[in-house]
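This report refers to the structure that appears directly beneath it.
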Amino acid sequence: MAGAAFTALNRRALAGHSPNDQIVLGMIGVGGMGTSRLKEFMKHDDVRVAAICDVDRGHLDRAVAEVEKVRGSKPRGFGDFRRLLEDKEIQAVAVVTPDHWHAIPTVRAFEAGKDVFVEKPLSYSIAEGRAMADASLKYRRVSQMGNHIHNDHANYRRVVELVRSGKLGRITRVHCWKTSPTQPLRTTLPATQPPELDYDFWLGPAPQRPYHPLRCHVSFRQFWDYSGGTFIDFWCHIVDVAVWALDLKAPRSVSAVGGRFFIDDETETPDTLEAILEYPELILMFHFRPTPLPGFEHMGHIGCLFEGTEASLVVNYEQHEVWARGKKIDDFPRPDPTIPDSPGHIREFLDAIKTRNLDTTCNVRYGHRVTKPGLLSNIAFRTGRRIYWDDERERILRDSAAEKFLRRRFRKPWKL
């Protein structure tokens, strides 16, 4: 590994880039989340934001002005990400778009020789996630999925160490939860298509639909055309700790039930969903419900409970507790720390660009592994059937109707 890193550094030096050079970044998507990511990248002195792309001129102008205010230089602005990718000066891009727009810019960026930071969930579909993972290796590009909880707190590291230590006994069940919305969505967007929004480009590979303010920007996730609801939005945040601690691959089967029990508006995705995922000698359940898991309300809106034969461990983003025989055990024995602290989620990505480390902790291959079971859970819900999964071939067994949800035909002219 040391020799490979040295060779990679030499290649960069020969190309005129020392490891201390600034990283020239392009932003693709600067809505609410994209603007937050832009500000995070600008906290790092070795990042220069050279270009920004957004299909909404209002978002684009606001982001360009933010860079000019903070850094004193004006990045180039684009309405088409393909023009941004043509800029050979740009070394890396951040793709912070709606889910249905993750795969195409990411794969095209890899093809253009650029490293990619892309938001979670990794992909709209399993086929798109596979294309992203494969392209990252084919073109040998650095990647990071925007799952900040993995690295921005030490909490998950301590949980992973404790679960792996065996002190909890054998883990037989894992419960993850996320509280669900119960009120109809409201939007401040105009009822008619705003002139600054290129809505046809916003739709991109998704089906042609008439403009509706709830279908755009903040609330897009509640429509099947673009995402899989709040359920899939938060899936990676909390299932990540279970995948990491137990080295979970893919489930053998997935079942899911739920519906719209509270919300009555124009959106589509469920406000209640119970998913059951079967792994070898383990059941993982995801509870998307209005309240936290009963008994653990104090842990808040999101969490994960590991049931061990000796003790149980419950974790949220920032803290964890061990319980045994109905009592919290404050002095439960803990292993010595073995997982190194992270320099931060974005910093890890930037350092990896300089050292050419393709194995960042949340690279798109790992991101695909974490996202995939959530996508399968939504397929089980939408079909109303238990689905059986062949992970080696990434196929649903004996269910051609369910198979259709693994990929979709893109609206012309878009393709992967």
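All of these numbers come straight from a predicted model, not from anything done at the bench.
Between V322 and L162, the closest side-chain pair of non-hydrogen atoms falls below 4.5 Å. In this structure the side chain of L376 reaches within 4.5 angstrom of the side chain of I126, judged on heavy atoms. Counting heavy atoms from C-beta on, the side chains of V239 and P373 never come closer than 4.5 Å.
Residues H102 and M132 come closest through the heavy atom pair O-CE, 3.9 Å. I263 and T267 make their closest contact through CG2-OG1, 4.5 Å (heavy atoms, listed as atom of the first residue, atom of the second, distance). Smallest separation of non-hydrogen atoms from W202 and H100: O-NE2, 3.0 Å. Across Y199 and P210, no two heavy atoms sit closer than the pair OH-O, 3.3 Å. Of all non-hydrogen atoms in A50 and E89, the two that sit nearest each other are CB-OE1, 4.1 Å. Residues E310 and K167 come closest through the heavy atom pair CB-O, 3.9 Å.
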task: Just do the side-chain hydrogen bond (donor to acceptor under 3.5 Å, both in side chains) check on E348 and T361 with the steps written out, would you?
output: CA-CA 8 Å; E348 182 189 282; T361 56; 3.0 Å; yes
task: Could you walk me through whether S219 and R221 pass side-chain hydrogen bond (donor to acceptor under 3.5 Å, both in side chains), step by step?
output: CA-CA 5 Å; S219 51; R221 205 177 298 280; over 6 Å; no
query: Could you walk me through whether T230 and Q222 pass the side-chain hydrogen bond (donor to acceptor under 3.5 Å, both in side chains) check?
result: CA-CA 7 Å; T230 304; Q222 312 309 323; 3.1 Å; yes
- request: Please test R62 against T35 for side-chain hydrogen bond (donor to acceptor under 3.5 Å, both in side chains), starting from the C-alpha separation and ending with a verdict.
  value: CA-CA 9 Å; R62 181 186 65 208; T35 299; 3.2 Å; yes
- prompt: Can you list the steps and then say if R130 with E394 is a salt bridge (Lys or Arg N to Asp or Glu O under 4.0 Å)?
  reply: CA-CA 9 Å; R130 170 50 53 201; E394 292 196 326; 3.2 Å; yes
- prompt: Yes or no on salt bridge (Lys or Arg N to Asp or Glu O under 4.0 Å) for K354 and D351, after CA distance, side-chain angles and deciding distance?
  reply: CA-CA 5 Å; K354 294 183 176 185; D351 290 345; 5.8 Å; no
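Sorted by first and then second residue, the ring-ring contact (aromatic ring centres under 6.0 Å, His included) pairs involving residues 31-54 (not counting sequence neighbours) are F41-F117.
Using modelled atom types, no side-chain atom of R76 and backbone atom of I52 make a donor-acceptor pair closer than 3.5 Å. Of the possible polar contacts, one joining the R369 side chain to the L248 backbone as a donor-acceptor pair under 3.5 Å is found.
Remark: R398 does not engage D390 in a salt bridge, criterion side-chain N to carboxylate O under 4.0 Å. Using a 4.0 Å cut-off between charged nitrogen and carboxylate oxygen, E403 and R395 count as a salt-bridge pair. With respect to D247 and R164, no salt bridge is recorded, no charged nitrogen being found less than 4.0 Å from a carboxylate O. Salt bridge annotation for R57-D61: present, with a cationic side-chain nitrogen under 4.0 angstrom from a carboxylate oxygen. By the 4.0 Å N-to-carboxylate-O rule, R260 lies too far from D271 to be salt-bridged with it. Between R386 and E278 a salt bridge is recorded (basic side-chain N to carboxylate O distance below 4.0 Å).
F231 meets the ring pair (Phe, Tyr, Trp, His ring centres under 6.0 Å) test with W235, F286; sequence neighbours excluded. Partners of K39 under the salt bridge (Lys or Arg N to Asp or Glu O under 4.0 Å) rule, at least two apart in sequence or in another chain, do not exist in this structure. The ring pair (Phe, Tyr, Trp, His ring centres under 6.0 Å) test applied to W244 returns H150, not counting sequence neighbours. Under the rule for a side chain to side chain donor-acceptor pair (under 3.5 Å), the partners of T360 that lie at least two apart in sequence or sit in another chain are Q144.
With F288 as the aromatic partner, K178 does not meet the cation-pi criteria of under 6.0 angstrom to the ring centre and within 45 degrees of the ring axis. Both tests do not hold together for R252 against W389: distance to the six-membered ring centre under 6.0 Å, angle to the ring axis within 45°. Seen from the ring of Y124, R408 counts as a face-on cation partner, given the 6.0 Å and 45° thresholds.
Side-chain polar atoms of T291 and R289 form a donor-acceptor pair below 3.5 angstrom. A side-chain donor from one of N151 and R157 sits under 3.5 Å from a side-chain acceptor of the other.
Checking D233, D99, T371, D240 one by one against K120, the side chain to side chain donor-acceptor pair (under 3.5 Å) holds for a single residue, D233. With V315 as the partner, the side-chain contact (heavy atoms from CB on, under 4.5 Å) test is satisfied by one option alone out of E321, H320, R158: H320.
With values rounded to the nearest 0.5 angstrom, L305 atom CG is found 7.0 Å from W177 atom CH2. To the nearest 0.5 Å, atom OG of residue S227 and atom CD1 of residue I232 are 7.0 Å apart. Atoms CG and CD, on L350 and Q22 in that order, are 11.0 Å from each other to the nearest 0.5 Å. Interatomic distance, E119 CD to R37 CZ, rounded to the nearest 0.5 Å: 4.0 Å. Distance check: R173 CZ to T309 OG1 gives 12.0 Å after rounding to the nearest 0.5 Å.
Proximity of the aromatic rings of Y317 and H237 is defined here by a centroid distance below 6.0 angstrom, and this criterion is met.
Taking a 6.0 Å sphere around NZ of K249, one finds it holds more than 12 heavy atoms contributed by other residues, nucleotides or ligands.
A tilted orientation is assigned to the rings of H345 and H148, their planes being inclined by 30° to 60°. The aromatic rings of F81 and W101 sit perpendicular to each other, their planes meeting at more than 60°, with 30° as the lower class boundary.
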Under 3.5 Å donor-acceptor pairs involving side-chain atoms of residues 188-198, not counting sequence neighbours:
from : atom 1 : to   : atom 2 : distance (Å)
Q193 : NE2    : L197 : O      : 3.3
D198 : OD1    : F201 : N      : 3.1

